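In what follows, chains are A, B, ... by sequence order, proteins preceding strands, each numbered from 1. Because the structure is predicted, anything quoted here is derived from the model rather than measured.
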Protein chains: 4
Amino acid sequence: MSASPRTALTDRRPRALGRNALGSQKRFDRRLGEILDHATAVFCDKGYDAASMRDLSRATGMSLAGLYYYFESKEKLLYLIQKHAFETILASLRKRLEGIGDPEQRVRLFIQNHLEYFLANQKAMKVLSHEDEALKNSYGNEIRAIKRVYYRTCLGLVEDLMHRRGVKFSGRIAVLSLFGMMNWIYTWHNPRVDADAGALARQMSDIFLCGLLGAGKLKRNSRPAQ
Amino acid sequence: MSASPRTALTDRRPRALGRNALGSQKRFDRRLGEILDHATAVFCDKGYDAASMRDLSRATGMSLAGLYYYFESKEKLLYLIQKHAFETILASLRKRLEGIGDPEQRVRLFIQNHLEYFLANQKAMKVLSHEDEALKNSYGNEIRAIKRVYYRTCLGLVEDLMHRRGVKFSGRIAVLSLFGMMNWIYTWHNPRVDADAGALARQMSDIFLCGLLGAGKLKRNSRPAQ
Amino acid sequence: MSASPRTALTDRRPRALGRNALGSQKRFDRRLGEILDHATAVFCDKGYDAASMRDLSRATGMSLAGLYYYFESKEKLLYLIQKHAFETILASLRKRLEGIGDPEQRVRLFIQNHLEYFLANQKAMKVLSHEDEALKNSYGNEIRAIKRVYYRTCLGLVEDLMHRRGVKFSGRIAVLSLFGMMNWIYTWHNPRVDADAGALARQMSDIFLCGLLGAGKLKRNSRPAQ
Amino acid sequence: MSASPRTALTDRRPRALGRNALGSQKRFDRRLGEILDHATAVFCDKGYDAASMRDLSRATGMSLAGLYYYFESKEKLLYLIQKHAFETILASLRKRLEGIGDPEQRVRLFIQNHLEYFLANQKAMKVLSHEDEALKNSYGNEIRAIKRVYYRTCLGLVEDLMHRRGVKFSGRIAVLSLFGMMNWIYTWHNPRVDADAGALARQMSDIFLCGLLGAGKLKRNSRPAQ
DNA sequence: AATGAATGAGGGTTCATTCAT
DNA sequence: CATGAATGAACCCTCATTCAT
């Protein structure tokens, strides 16, 4: 995570920056990214609620009070982790979809993008999937808003495809089933045993697309449930 | 939710209970079941780690110390909830599978059984799905053992079906994808908006079965991963 | 302990006794003695404060509430144990001193009586020695009163002896040193390794008597402290 | 009471402390020593088991949580108190024995050292004597190891003396009787009534030495028990 | 830029005890 | 004669967070 571009994850710089402003800001963000990485690992292992700031202090090698120089609360840490993951995956998706016209290809691309990021950032994605309800109030609202955008993007792709193929099926059920297939991975994927992101994406795409297109041609599913 | 046999709970009580009247045993189990139900709701809402015994005390209307008369620890509560859910769903599955021979029907039945129980006991099933790693040591091992049995049952059904249809696909990926589709439901299902268990089961079965059988006939999936 | 004579250890019989009164009282006292024995063992092993009524319940095989039929409180249990021990040892001492005139023999007899009871009732005596300050208020006062009688008895014997031999030494220091020697035994005596009560009594008597009579003839101890 | 080296306490703190300023270390140790002193008083008055961390919080004027910044557990507190007492008394003993050759003088010096420390640190010594079994596992083992060294030192002095004087007596019984005499003091010594350490040491030394040397010349004790 | 020291609130759990039966 | 069920108070300990430095 710390390697990816990150621009001003937080604006909570405590005091006016002198002539060294730019370098200082950069250093701040680098340190912050490192902490975020450690926090991701700890939240992944113990769960957000069970993880303590002391665990984080130990993991980062930074003092308890030092952490609060970078983050105003434990909640904010989770918020930053989740926001960063969502924004990165969304940005990557948008770039990849540019110039791709074929609706099936676009859905396959969505799945591939999701799984590649998922397996390359398993810990962050587990935290994203598992700590879905941990954030309350404005932090939570902001994350939920991004999530909705992501969901709707997928829904658009799927409905596009169904429309082109003359298939009738509940887009909501289809998309949420797809997310289930993909996000559940964090509960079982073992890198030493299971296929890599490319193979996994192909298999899940095949199941999902054959399933959706096949099911959509059966009589009973021809009226989409709301 | 009906209670587990009393013997499981007696360890921490001052002395072994010998000659309980039958009525007393029944009353004990009824009270125990009520508490378990409240605990399920609380664990569902706040998550196991974030839920406190004081929350439970409030929810049940029983004193904090009173709870410990029925349960020796918070962990044991979660254990009993998860064990009960798994055992009930497994027992129901076995009964339903009796006398059904058609492999596709058997897979459909598995899905239907899972979703019916899932939606009829949403809170318990969220606790089962979401608190998968919360239990440690022997409690955790016991639950994981039941879970493995359940997983293997499903794997058997799916592999049976693939074999009959001459389909090649990784059974592991197929089954885990199916579980993902189904278990993810707890994150989105809204009884006022979404279809009921029967309809949902039909739709997911269609996607999964069309998907699996279709995908299994594509060239690239003809060699099962690992 | 239950084998020794015990007359109405408690008068807390809950209701009027019918025609079966005497037998009932006997049965009550027998049961009570059994419980007292178990309590002695538990207090000895864990210490009075660390021992819980649940420990006692377990040890006696009686329900928690059942214990309270025999004893009104945990404190009363300790009180009864200590009182019984002191009264028994005092009664035995008085009997043995009857008809013995020689002052040295009388002191030796005191030591022998103390150590015989100590080793025959090690657990009770550890509870007596170690939980010296655990009892408060009236229970504590009563025990302290018996203890004072016991102490003064010993002091009388020792001062008698010193007087006869023309020895000057602080009786208080002498007697309290003797009690220290004897009571400390509970911290080290191992029945499989150490001598029995008779031998031990002889050795301690020799040390104490030679010591007191020898020391009392040195110049510097000839003015007793206070 | 001076504090133990900080390293012993750092385990539970969020991260290993590296570059503490020397002044900081000193301040920490001073505070730690103050708390240890208060804890000693509280453990002395109520007993280790009956004393609560809240009692300590009250006695020190520090918050409950604040105490845990200095000590990781109640048990560790007792451990530090006992260890400090034993190590101080042992160090003092070794210094005093240097250059003293006469066996009798060496035993007298042992007694004097013990009683001087005992009366100068009555509370700590009561905690040492009375809470002998409270510490379990590794803490307990460590304290027991120091205690054994102390015991054997004394045994060596006493056996030396007996050998020089041609006296036969069980060294074990002699030494343990001496410890009994001395350690029992915490149950009765009243500074306003009783002699000071010097006088007490002289009296006890006289009793013990006259006793041992006298008893060792009586016929019956000429074969040492075990 | 980061820390040591400290805290109020709350965590899970156990306590001695009671009372209707 | 003895119990099962229940409780308020207290237990030891950890939490996220702050603030002077």
Value in whole Å for how far the C1' atom of F:dA6 lies from CZ of B:Phe28: 12 Å
Evaluation steps, side-chain contact (heavy atoms from CB on, under 4.5 Å), between A:Leu36 and A:Phe71: CA-CA 10 Å; A:Leu36 241 29; A:Phe71 304 100; 3.6 Å; yes
Any C:Tyr69 side-chain N or O less than 4.0 Å from OP1/OP2 of F:dC1: yes
Gap between atom SG of C:Cys44 and atom CD of D:Glu133 - 0.5 Å precision: 7.5 Å
Side chain to side chain, C:Leu64 and C:Leu56, heavy atoms closer than 4.5 Å: no
Nearest-Å distance for atom pair NZ/P, residues B:Lys76 and E:dG12: 18 Å
Whole-Å gap separating P (E:dA5) and CG (D:Asp29): 10 Å
Partners passing side chain to side chain contact (heavy atoms under 4.5 Å, CB included) against C:Ala65 (at least two apart in sequence or in another chain): C:Ser63
Mutual orientation of the aromatic rings belonging to C:Phe43 and C:Tyr48 [parallel < 30°, tilted 30-60°, perpendicular > 60°]: perpendicular
Atom-to-atom span, CG of A:Leu56 to P of F:dT14 - whole angstrom: 17 Å
Criterion salt bridge (charged side-chain N to carboxylate O under 4.0 Å, His left out) on C:Lys26 and C:Asp29, from CA distance to verdict: CA-CA 5 Å; C:Lys26 236 186 228 161; C:Asp29 283 352; over 6 Å; no
Side-chain N,O (D:Ser24) to OP1/OP2 (F:dT21) below 4.0 Å: no
D:Asp55 vs B:Gly66, nearer the 5' end of DNA chain F by closest nucleotide: B:Gly66
Secondary-structure notation, DNA chain F, from Watson-Crick and G-U pairs under 3.5 angstrom (| other strand): .||||||||||||||||||||
Nucleotides 16-19 of chain E: which of its N/O atoms have a protein N/O under 3.5 Å away?
| unit_1 | atom_1 | unit_2 | atom_2 | d |
| --- | --- | --- | --- | --- |
| E:dA16 | OP1 | C:Ala51 | O | 3.2 |
| E:dA16 | OP1 | C:Lys74 | NZ | 3.1 |
| E:dA16 | OP2 | C:Met53 | N | 2.9 |
| E:dA16 | N7 | C:Arg54 | NH1 | 3.2 |
| E:dA16 | N6 | C:Arg54 | NH2 | 3.4 |
| E:dT17 | OP2 | C:Tyr68 | OH | 2.9 |
| E:dT17 | OP2 | C:Lys74 | N | 2.9 |
| E:dT17 | O5' | C:Tyr68 | OH | 3.4 |

C:Thr60 and C:Val42, any side-chain heavy atoms less than 4.5 Å apart: no
For atom CG of B:Leu67 and atom C1' of F:dG8, their distance in whole Å: 14 Å
For atom CD of A:Gln25 and atom P of E:dA1, their distance in whole Å: 10 Å
Aromatic ring pairing A:Phe28/A:Tyr69, orientation class (parallel under 30°, perpendicular over 60°, tilted between): perpendicular
Side chain of C:Tyr70 - closest among F:dA2, F:dA5, E:dA2: F:dA2
Side-chain N,O (B:Arg31) to OP1/OP2 (F:dG4) below 4.0 Å: no
Pi-cation contact, D:Tyr68 with D:Lys74 (under 6.0 Å, within 45°): no
Rounded distance in Å - CZ (A:Arg58) to P (F:dA16): 11 Å
Atom pair distance, as rounded to whole Å: CZ in A:Phe71 and C1' in E:dA2: 14 Å
